[in-house]
Amino acid sequence: MHILPTISTMFIVISAIFVGFGWYHIVKGNRETHEKLMVLGAIFALAFFIIYMSRTIFEGNTSFGGPESLVLPYHLFLFFHITLATIGGILGLITLWFAYKKKFLKHKKIGKVAAIVWLLTAPTGVMVYILLYILYPGGTTKPVIDAIFGL
């Protein structure tokens, strides 16, 4: 079993669940609950990112092990997921910053977009996990740290 990808995928799903419930609570006017849930969502997203980056640097990414006919569609889907995750992460940080600075009009405006992007990112991340570790297990590539230092 691939424990780190499993844990990091669980963390991103947990993050999205907190974001979804946080959004629900702000719509209902429960600001305190919203804040707590969104902070938890951010913590789980950060934990995902730390695990993902550590694994990428020290172990490497998993290459797609499926049939040749699915390599291009997989990579297009992966690119879509990475783009969503990057946009979601950046928007999430901006949204958190606006909340911290108590600029709630900007927070609300960007927060809606950030939440939608994040709620789309999590299921696409689960699909990448399923494709890489359940349906078509592949091998690992060279760790980035080895490539950097010529090892």
Side-chain angles (χ1 to χ4, degrees), residues 1-64 73-138 140-149:
M1 180 175 187
H2 304 277
I3 193 69
L4 289 179
T6 303
I7 292 169
S8 65
T9 301
M10 286 177 17
F11 281 178
I12 210 63
V13 169
I14 292 167
S15 171
I17 290 168
F18 280 129
V19 167
F21 280 111
W23 191 356
Y24 169 82
H25 278 281
I26 199 61
V27 168
K28 295 294 183 185
N30 304 325
R31 284 189 182 190
E32 228 175 88
T33 303
H34 165 78
E35 181 181 347
K36 289 175 186 173
L37 291 169
M38 291 307 200
V39 167
L40 285 169
I43 289 168
F44 275 93
L46 177 62
F48 158 81
F49 185 73
I50 290 168
I51 292 170
Y52 176 79
M53 289 308 297
S54 298
R55 186 170 178 275
T56 298
I57 292 168
F58 297 111
E59 188 177 316
N61 285 324
T62 302
S63 57
F64 183 65
Y74 167 76
H75 281 102
L76 290 172
F77 183 75
L78 180 62
F79 179 75
F80 174 71
H81 167 70
I82 291 169
T83 302
L84 273 179
T86 302
I87 292 168
I90 292 167
L91 289 175
L93 289 171
I94 292 168
T95 302
L96 288 168
W97 178 254
F98 283 146
Y100 175 73
K101 288 296 192 173
K102 301 199 183 315
K103 296 182 179 185
F104 295 116
L105 289 177
K106 290 180 179 181
H107 169 80
K108 181 179 178 179
K109 187 175 185 178
I110 294 177
K112 286 180 184 178
V113 177
I116 290 167
V117 171
W118 206 244
L119 293 172
L120 292 171
T121 299
T124 61
V126 171
M127 284 305 302
V128 169
Y129 174 83
I130 289 169
L131 289 167
L132 281 181
Y133 299 103
I134 297 174
L135 293 179
Y136 305 111
T140 55
T141 60
K142 190 174 197 176
V144 172
I145 195 126
D146 288 356
I148 291 170
F149 293 109

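Note that this is a predicted model, so its numbers are computed, not measured.
- Note on residues 12-33: pairs passing ring-ring contact (aromatic ring centres under 6.0 Å, His included), not counting sequence neighbours, are F18-F44.
- Remark: S15 pairs with W118 by the side-chain hydrogen bond (donor to acceptor under 3.5 Å, both in side chains) rule, at least two apart or across chains.
- I87 pairs by the side-chain contact (heavy atoms from CB on, under 4.5 Å) definition with T83, L91, V117, not counting sequence neighbours.
- The side chain to side chain contact (heavy atoms under 4.5 Å, CB included) test with F104 singles out one residue from K102, K106, K101, K108, and that residue is K102.
- Nearest heavy atoms, A122 versus I12: CB-O, 4.0 Å.
- The CD1 atom of I110 sits 12.0 Å away from the CD1 atom of I90 when rounded to the nearest 0.5 Å.
- The distance from atom CD1 of I116 to atom CG of L120, rounded to the nearest 0.5 Å, is 7.5 Å.
- Remark: L132 engages T62, F64, Y74, V128 in a side-chain contact (heavy atoms from CB on, under 4.5 Å) (not counting sequence neighbours).
- Listed by chain and number, the residues in a side-chain hydrogen bond (donor to acceptor under 3.5 Å, both in side chains) with H107 amount to none (sequence neighbours excluded).
- In this view, L93 satisfies the side-chain contact (heavy atoms from CB on, under 4.5 Å) rule with no residue, not counting sequence neighbours.
- Among residues two or more places apart in sequence or in another chain, the side-chain contact (heavy atoms from CB on, under 4.5 Å) test is passed with I134 by Y129, I130.
- Separating the CG atom in L4 from the OG1 atom in T9 is a distance of 10.5 Å, to the nearest 0.5 Å.
- Residue F98 places its CZ atom among more than 12 non-hydrogen atoms of other residues, nucleotides or ligands, all under 6.0 Å distant.
- Under the side-chain hydrogen bond (donor to acceptor under 3.5 Å, both in side chains) criterion, T124 pairs with H81, not counting sequence neighbours.
- Between atom CE of residue M10 and atom CD1 of residue I17 there is a gap of 10.5 Å, rounded to the nearest 0.5 Å.
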Using atom types as modelled, flag every donor-acceptor pair under 3.5 Å from a side chain in residues 32-42 to any protein atom, sequence neighbours excluded.
{"unit_1": "H34", "atom_1": "ND1", "unit_2": "G22", "atom_2": "O", "d": "2.8"}

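- Checked by atom type and distance alone, the side chain of S8 pairs as donor or acceptor with a backbone atom of P5 at under 3.5 Å.
- Shown here are the ring-ring contact (aromatic ring centres under 6.0 Å, His included) partners of F79, two or more places apart in sequence or in another chain: there are none.
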